[in-house]
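Quick notes on the structure that follows.
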There are 2 protein chains.
Amino acid sequence: MNNPIEALNKIFDSRIRLGVMSILIVNDSVSFNELKQLLELTDGNLASHLNTLEQAEYLKVQKAFIGKKTNTTYIITDLGKLSFKAHLDALEKMIKGI
Amino acid sequence: MNNPIEALNKIFDSRIRLGVMSILIVNDSVSFNELKQLLELTDGNLASHLNTLEQAEYLKVQKAFIGKKTNTTYIITDLGKLSFKAHLDALEKMIKGI
DNA sequence: TAAAAGCACTTTGTTTTTCAAAGTTAGTTA
DNA sequence: TAACTAACTTTGAAAAACAAAGTGCTTTTA
């Protein structure tokens, strides 16, 4: 048997980032405020986790205008999708003992 | 929709503790050394994660003798099994967006 | 039109967690 | 008896998480 945890992605150790990804993988685009309310986080905390995911290029930020009002939304990238799925696969394999 | 991450267990944020639990859930009893080799950890690091799991009463320690030699093995508790399964369920629900 | 409020952050600083390395105790093999 | 293994504990450093406060901009409200 080889090390079952090495295929797990360190970035997804955090349940907040796991939560963000699981929201973004089923929603095309989610705003900062929606995430904040869904996950019940402070601005700073959410912003820093989003930043970690953005640095990893797992999501991208889209700044748009709704009328004159700015609106920031977050979108998962292809790399984000792949990495998240790979992590879930690794988790499943580990649990099933494959 | 309610907060998808609140049902996740903080203790299982750590992939090391996740790894330990996934080993213990399929093996009746695993020794310190086996865990150390499987997970490729230093003694101190493994011991501290095992301690966290023991504090939570997710596993118990069994000190036995093999001949005159002591042998320490770790066994998952019923609470450990329940908590681990509950965490996996919560994860699954979160991912599936239930 | 001045004040209050919302958005999306950044900054600051504390607390918590993680981890490696070294030390410890006790038995074991060469 | 010296080196070795097992199973830790202790120490200390580094990283991560987090809340709170501050910022700049816009919009709504009194």
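Given the structure is predicted, the values throughout are model-derived calculations rather than measurements. Computed from heavy atoms alone, side chains included, the values below leave out hydrogens, waters and symmetry copies. By convention in this document, chain letters (A, B, ...) are assigned in the order of the sequence lines, proteins followed by strands, and residues within each chain are numbered from 1.
Contact annotation: B:Thr72 reaches the phosphate of D:dC8 (side-chain N/O to OP1 or OP2, under 4.0 Å). A close approach under 4.0 Å does occur between a side-chain nitrogen or oxygen of A:Thr42 and OP1 or OP2 of D:dA19.
One can place NE2 of B:His49 at 15 Å from C1' of D:dT9, the figure rounded to the nearest angstrom. In this structure, B:Glu40 places its CD atom 14 Å from P of C:dC19, rounding to the nearest Å. Distance B:Ile16 CD1 to C:dC19 C1': 8 Å, rounded to the nearest Å. Rounded to whole Å, atom P of C:dT18 lies 15 Å from atom CG of B:Leu39. The nearest whole Å value for the distance from the CG atom in B:Asp43 to the P atom in C:dT18 is 18 Å. Summarising the geometry, the separation between CG on A:Leu41 and P on D:dA16 is reported as 18 Å, rounded to the nearest angstrom. Spacing between atom CG of A:Asn71 and atom C1' of D:dT27 amounts to 14 Å, rounded to whole angstrom units. For the pair B:Phe32 CZ and C:dT24 C1', the computed distance is 14 Å after rounding to whole Å.
Listed nucleotides C:dT18, C:dA8, D:dA19 differ in distance to B:Arg17; the shortest reach to its side chain belongs to C:dT18. Candidate nucleotides D:dA19, C:dC19, C:dA8 were compared by shortest atom distance to the side chain of A:Asn45, and D:dA19 ranks first. The B:Lys63 side chain lies nearest to D:dA7 when the options are D:dA17, D:dA7, C:dC19.
Among the protein residues, B:Ser14 comes within range of the sugar-phosphate backbone only, with heavy atoms under 4.0 Å from sugar or phosphate atoms but none that close to a base.
No option in A:Ile11, A:Ile76, A:Leu82 other than A:Ile11 meets the side-chain contact (heavy atoms from CB on, under 4.5 Å) test with A:Tyr58.
The backbone N or O of B:Phe32 lies less than 3.5 Å from no partner atom in the side chain of B:Thr72, so there is not a single donor-acceptor pair. Checking side-chain atoms of B:Ser48 against main-chain N and O of B:Asn45 turns up a donor-acceptor pair under 3.5 Å.
Residue A:Asp13 is the one, among A:Gly44 and A:Asp13, whose nearest nucleotide of DNA chain D lies closer to the 5' end (criterion: closest heavy atom). Each of B:Ala47 and B:Lys36 has a nearest nucleotide on DNA chain D; the 5'-most of these lies closest to B:Lys36.
In terms of heavy-atom proximity, B:Arg15 sits nearest to A:Asp13 at NH1-OD2, 3.0 Å. When every heavy atom of A:Thr73 is checked against every heavy atom of A:Ser29, the shortest pair comes out as CB-OG, 3.3 Å.
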